[in-house]
Visitor: 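Take a look at the following structure, please.
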2 protein chains.
Amino acid sequence: MRPTTSKDEIIDRLFELFRQGGFEGVSLADIGRATGLNKSSLYHYFPGGKTDMAAAVIERARAWAGAAVVEPLGRPGPREARIDAMLEAVEALYQGGRRPCLIASMLIGPPDTGLAAAVGAIVRDWLAALTRALVETGAEPVAAGRAATDALARLQGALVLARALGDRQPFEAALAAVRRDLLAA
Amino acid sequence: MRPTTSKDEIIDRLFELFRQGGFEGVSLADIGRATGLNKSSLYHYFPGGKTDMAAAVIERARAWAGAAVVEPLGRPGPREARIDAMLEAVEALYQGGRRPCLIASMLIGPPDTGLAAAVGAIVRDWLAALTRALVETGAEPVAAGRAATDALARLQGALVLARALGDRQPFEAALAAVRRDLLAA
DNA sequence: GTCTATAACGGGATAGAC
DNA sequence: GTCTATCCCGTTATAGAC
């Protein structure tokens with residue numbers, strides 16, 4: 001029997017759950033409900049249990065960041081094209097501010113299993129790619145690093161505000177501000 | 001017998017726990033350990049259980065924001081003095097980026113009990129106070145609103161990055177950037 | 001107000017049939 | 001690969017003694 005739900009699809013569902021609830025806020029029962037799979041079936045795909053599931057989700061996030069952010073930022077071409085490619089990916093991932101960030105959610109409360117470290121690696125890669133793109137298009141290295149950090153902080157923070165206020169406007173505003181400042185950096 | 005730990009002290013401990021672990025990441029056992037109180041004693045202070053405790057912590061955060069942020073921002077005087085008062089309070093609260101923000105932590109995963117709404121109200125008050133301070137010191141209202149939102153987003157996001165990277169530098173950088181832009185707004 | 005004890009439940013995880 | 005059944009533990013919460 002072919003599985004009714006592919007592992008990729010399962011991880012997609014898990015991604016949505018964890019970004020909303022964080023590691024502790026999602027139970028295996030929730031996951032069973034969202035995937036239509038029994039706990040035992042889940043253990044078939046993820047022998048390490050919930051931690052494995054979270055790790056798979058973070059790995060998916062890393063892959064996404066590589067393909068949708070790091071790679072476009074590294075493409076040769078004018079700065080504007082690179083930045084816009086990144087921002088379009090960001091807008092899509094966060095659905096214009098309606099959906100929270102997995103990175104932020106996963107940093108809250110997971111009993112120390114290296115998940116936080118994996119999240120940190122994603123952020124590091126993103127920062128490095130953005131900094132490099134700015135430098136390659138004429139920015140001075142130290143200023144580029146600052147600008148990259150500031151850009152990511154603004155986006156992350158805007159997602160927090162958007163969630164707290166129940167209004168995606170802060171996120172849209174942040175996208176515009178980030179674009180302006182990155183192009184001017 | 002006078003209680004060995006005052007309710008205020010208990011809430012302080014709870015504050016630290018919840019900001020680190022979020023609502024779901026903190027158990028009553030953790031709380032018992034941190035406060036030296038038995039579960040039953042905790043129920044004496046917080047009949048509604050964990051939700052009550054979280055609500056008390058959020059209320060404390062609201063009181064803090066009122067005293068350390070809203071009030072200084074509303075004091076008559078030059079913009080610089082008001083902004084610096086706010087930023088000093090922020091730096092102290094977050095210990096220069098070493099400690100996460102309760103607001104962000106509490107937005108992750110709490111089963112819907114109005115806690116998120118209470119958190120949202122704090123953010124709203126803060127934004128309103130900051131916007132008003134900017135307007136009172138010469139900014140145009142729409143620009144002031146944007147600048148206020150941007151400032152809070154940067155600070156929140158910088159805390160996320162600082163946690164992800166295990167490095168408080170992003171937070172210090174954000175404080176400087178926020179100060180510069182708010183004074184120029 | 002604080003304790004011990006325990007109830008009642010849900011959590012993650014496993015065994016084994018099919 | 002998916003299921004049913006079950007285990008064990010931690011969790012929230014309550015009762016009642018002191």
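Letters go in sequence order (proteins before strands), and every chain restarts at 1.
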Visitor: If you assign each of S41(B) and F23(A) to its closest nucleotide in DNA chain C, which residue comes earlier from the 5' end?
Guide: S41(B)
Visitor: Between P on dT2(C) and CZ on F46(B), what's the gap in Å once rounded to a whole number?
Guide: 12 Å
Visitor: Round to the nearest Å and state the distance from R33(A) atom CZ to dG12(C) atom P.
Guide: 11 Å
Visitor: Find the distance L28(B):CG to dC9(C):C1' and express it as a whole number of Å.
Guide: 14 Å
Visitor: Atom NZ of K50(B) to atom P of dG10(D): distance rounded to whole Å?
Guide: 15 Å
Visitor: Using a cut-off of less than 4.0 Å, is there contact between a side-chain N or O of Y43(B) and OP1 or OP2 of dT2(C)?
Guide: no
Visitor: When only distance counts, do a donor and an acceptor, one from the side chain of S27(B) and one from the base of dT12(D), lie under 3.5 Å apart?
Guide: no
Visitor: Find the distance between CZ (R79(B)) and CG (L134(B)) and round it off to the nearest 0.5 Å.
Guide: 5.0 Å
Visitor: Rounded to whole angstrom units, what separation is found between the CD atom of E24(A) and the C1' atom of dG10(C)?
Guide: 14 Å
Visitor: Rounded to 10°, tell me the angle between the two end axes of the helix from dG1(C)-dC18(D) to dC18(C)-dG1(D), each built from five pairs.
Guide: 0°
Visitor: More than 12 heavy atoms of other residues, nucleotides or ligands under 6.0 Å from CZ of R132(B): yes or no?
Guide: no
Visitor: Rounded to the nearest angstrom, tell me the gap between atom CG in L42(A) and atom P in dG12(C).
Guide: 11 Å
Visitor: Of K39(A) and H44(A), whose nearest nucleotide on DNA chain D comes first from the 5' end?
Guide: H44(A)
Visitor: Starting at CG of L115(A), measure out to CZ of F18(A) and round the result to the nearest 0.5 Å.
Guide: 8.5 Å
Visitor: Answer whether the closest heavy-atom distance between the side chains of M86(A) and P72(A) falls below 4.5 Å.
Guide: no
Visitor: Is the phosphate of dG1(C), meaning OP1 or OP2, less than 4.0 Å from a side-chain N or O of N38(B)?
Guide: no
Visitor: Mark yes when over 12 heavy atoms from residues, nucleotides or ligands other than R19(B) sit less than 6.0 Å from its CZ; otherwise mark no.
Guide: yes
Visitor: For the pair made of NZ in K7(B) and P in dT2(C), what is the distance, rounded to whole Å?
Guide: 12 Å
Visitor: Are side-chain heavy atoms of R62(A) and E59(A) found at a separation under 4.5 Å?
Guide: yes
Visitor: Are any of the side-chain nitrogens in E136(B) or R82(B) under 4.0 Å away from the carboxylate oxygens of its partner?
Guide: yes
Visitor: Is any side-chain N or O of S40(B) under 3.5 Å from a base N or O of dA15(D), one able to act as donor and the other as acceptor?
Guide: yes
Visitor: Within this structure, what is the CE-to-P distance between M53(B) and dT11(D), rounded to whole angstrom?
Guide: 13 Å
